[in-house]
Participant: 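Before I ask anything, here is the structure I am working with.
Quick caveat: nothing in here was measured; it's all calculated off a predicted structure. Quick note: residue numbers are just sequence positions, from 1.
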Amino acid sequence: MMTAVSPFARSSALEDSLLSGREQTIEEMYSVPESFLEIEVRNPQTHGFGRKMYTDYEIVCKTNIPAFKLRHSVVRRRYSDFEAFRDILEHESTRVNIPPLPGKVFTNRFSDEVIESRREGLERFLSIVAGHPLLQTGSKVLCAFLQDPGWDKAQWV
């Protein structure tokens, strides 16, 4: 049996039981992991009219990692916020290779397919970035972007 273990995972009861060759106990199987981080990008909403139209996304963060101030948070961000966040992260964390965002879209950007594709890409981006241990402990902007409803890119530039 192959068990996929995240490269960022800390030592756990699962790992210990796999290494010792014994079966996991029921408590080990169903208990909360020592550290978990769930990020979901959902509920896209398009606002405005004509050239002022934009779509924003709800970011739901659930974690027990001490670097995050809140165990559960929900904020809304638009694509331009993600762009600013990524730029700030790149300047702040020179030792970490920050993944790209899903590309800019210039045609049909408010179609359901484009919005869903972008939502998936933004969720993938956030999961990678937020799951990185160096960013969890060394980034000032990460927790604020994920958890502060009043986050403003102007505070970070």
Side-chain angles (χ1 to χ4, degrees), residues 1-12 14-15 32-157:
M1 173 180 110
M2 270 305 284
T3 305
V5 177
S6 163
F8 304 126
R10 293 173 174 85
S11 178
S12 66
L14 169 63
E15 214 170 76
V32 174
E34 286 178 32
S35 63
F36 75 91
L37 174 64
E38 292 173 21
I39 296 203
E40 186 182 1
V41 176
R42 66 183 190 191
N43 193 16
Q45 293 178 349
T46 300
H47 309 270
F49 299 97
R51 297 179 58 87
K52 299 275 188 207
M53 278 177 73
Y54 68 92
T55 302
D56 65 10
Y57 303 83
E58 191 173 74
I59 302 170
V60 180
C61 179
K62 296 177 186 171
T63 185
N64 64 359
I65 296 171
F68 292 88
K69 295 184 176 38
L70 302 170
R71 297 288 158 252
H72 181 262
S73 61
V74 180
V75 297
R76 293 199 75 82
R77 301 284 183 256
R78 50 194 290 181
Y79 186 81
S80 60
D81 293 331
F82 279 88
E83 289 179 310
F85 168 62
R86 188 186 180 285
D87 289 346
I88 296 161
L89 259 186
E90 215 164 34
H91 287 90
E92 180 187 79
S93 312
T94 53
R95 296 185 342 211
V96 178
N97 191 10
I98 308 298
L101 288 168
K104 270 268 190 212
V105 178
F106 297 101
T107 56
N108 298 327
R109 66 184 179 134
F110 298 108
S111 73
D112 291 348
E113 298 78 31
V114 169
I115 289 172
E116 176 55 20
S117 169
R118 180 171 272 185
R119 185 205 63 74
E120 289 172 3
L122 293 173
E123 185 171 274
R124 206 168 25 254
F125 168 81
L126 282 184
S127 295
I128 292 167
V129 166
H132 197 292
L134 285 177
L135 296 178
Q136 285 176 5
T137 55
S139 171
K140 293 177 177 63
V141 72
L142 176 64
C143 294
F145 183 79
L146 289 174
Q147 297 192 315
D148 181 356
W151 185 84
D152 178 10
K153 58 187 164 231
Q155 298 170 299
W156 299 91
V157 180

Participant: What's the shortest heavy-atom distance between Arg118 and Gly103, and which atoms?
Facilitator: NH2-O, 3.4 Å

Participant: Where the side chain of Arg86 meets the backbone of Pro99, is there a donor-acceptor pair that is under 3.5 Å apart?
Facilitator: yes

Participant: Residues two or more places apart in sequence or in another chain: which of them pass side-chain hydrogen bond (donor to acceptor under 3.5 Å, both in side chains) with Thr63?
Facilitator: none

Participant: How far apart are the closest heavy atoms of Ser73 and Gln147, and which atoms are they?
Facilitator: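 What the structure gives for the nearest pair is OG-CG, 3.2 Å.
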
Participant: For residues 148-157, tabulate all N or O donor-acceptor pairs below 3.5 Å that involve a side-chain atom, not counting sequence neighbours.
Facilitator:
{"from": "Asp148", "atom 1": "OD1", "to": "Gly150", "atom 2": "N", "distance (Å)": "2.8"}
{"from": "Asp152", "atom 1": "OD1", "to": "Ala154", "atom 2": "N", "distance (Å)": "3.1"}
{"from": "Gln155", "atom 1": "OE1", "to": "Asp152", "atom 2": "N", "distance (Å)": "3.2"}

Participant: Could you report the tightest heavy-atom contact between Ile39 and Leu146, atom names first, then the distance?
Facilitator: CD1-CD1, 3.8 Å

Participant: Going by side chain to side chain contact (heavy atoms under 4.5 Å, CB included), name the residues that satisfy it together with Glu92, two or more places apart in sequence or in a different chain.
Facilitator: Leu89, Ser139, Lys140, Val141

Participant: Sequence neighbours excluded, which residues qualify as ring-ring contact (aromatic ring centres under 6.0 Å, His included) partners of Tyr79?
Facilitator: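 Residues passing ring-ring contact (aromatic ring centres under 6.0 Å, His included) with Tyr79: none at all.
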
Participant: Test Leu37 against Gln136 for side chain to side chain contact (heavy atoms under 4.5 Å, CB included), laying out the working first.
Facilitator: CA-CA 11 Å; Leu37 174 64; Gln136 285 176 5; 3.9 Å; yes

Participant: Please name all residues satisfying side chain to side chain contact (heavy atoms under 4.5 Å, CB included) with Ser117, sequence neighbours left out, ordered by chain then number.
Facilitator: none

Participant: Strictly by salt bridge (charged side-chain N to carboxylate O under 4.0 Å, His left out), give each pair with a member in residues 101-110 just once, sequence neighbours left out.
Facilitator: Glu83-Lys104

Participant: With rounding to the nearest 0.5 angstrom, report the CD1 to CD1 distance, Ile98 to Ile88.
Facilitator: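 Ile98 CD1 to Ile88 CD1: 11.5 Å, rounded to 0.5 Å.
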
Participant: Taking side chain to side chain contact (heavy atoms under 4.5 Å, CB included) as the definition, give me every residue that meets it alongside Arg42, ordered by chain and number, with sequence neighbours left out.
Facilitator: Glu40, Glu58, Val60

Participant: The criterion is salt bridge (Lys or Arg N to Asp or Glu O under 4.0 Å); which residues satisfy it with Lys52, sequence neighbours excluded?
Facilitator: none

Participant: Is the backbone N or O of Ile128 less than 3.5 Å from a side-chain atom of His132, with the two atoms forming a donor-acceptor pair by type?
Facilitator: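 Judged by distance alone, no pair lies under 3.5 Å.
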
Participant: Going by the rule side-chain hydrogen bond (donor to acceptor under 3.5 Å, both in side chains), which residues pair with Arg124 if we only count those two or more places apart in sequence or in a different chain?
Facilitator: none

Participant: Classify the angle between the aromatic ring planes of Phe85 and Phe145 as parallel (below 30°), tilted (30 to 60°) or perpendicular (above 60°).
Facilitator: parallel

Participant: Strictly by salt bridge (charged side-chain N to carboxylate O under 4.0 Å, His left out), give each pair with a member in residues 128-138 just once, sequence neighbours left out.
Facilitator: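 Sorted pair list comes back empty.
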
Participant: At what distance, to the nearest 0.5 angstrom, does CD1 of Ile115 lie from OG1 of Thr55?
Facilitator: 4.0 Å

Participant: Applying ring-ring contact (aromatic ring centres under 6.0 Å, His included), which residue pairs with at least one partner in residues 40-64 are found, sequence neighbours left out?
Facilitator: His47-Tyr54

Participant: Could you tabulate the donor-acceptor pairs under 3.5 Å formed by side-chain atoms of residues 65-72, not counting sequence neighbours?
Facilitator:
{"from": "Arg71", "atom 1": "NH1", "to": "Ile65", "atom 2": "O", "distance (Å)": "3.4"}
{"from": "Arg71", "atom 1": "NH1", "to": "Phe68", "atom 2": "O", "distance (Å)": "3.4"}

Participant: Is Phe82 close to Leu126 at the side-chain level, that is, under 4.5 Å between some pair of heavy atoms?
Facilitator: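 Yes - at least one pair of side-chain heavy atoms lies under 4.5 Å apart.
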
Participant: Kindly compute the distance separating OG1 (Thr46) from CG (Asp112), expressed to the nearest 0.5 Å.
Facilitator: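 If we round to the nearest 0.5 Å, Thr46:OG1 and Asp112:CG are 8.5 Å apart.
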
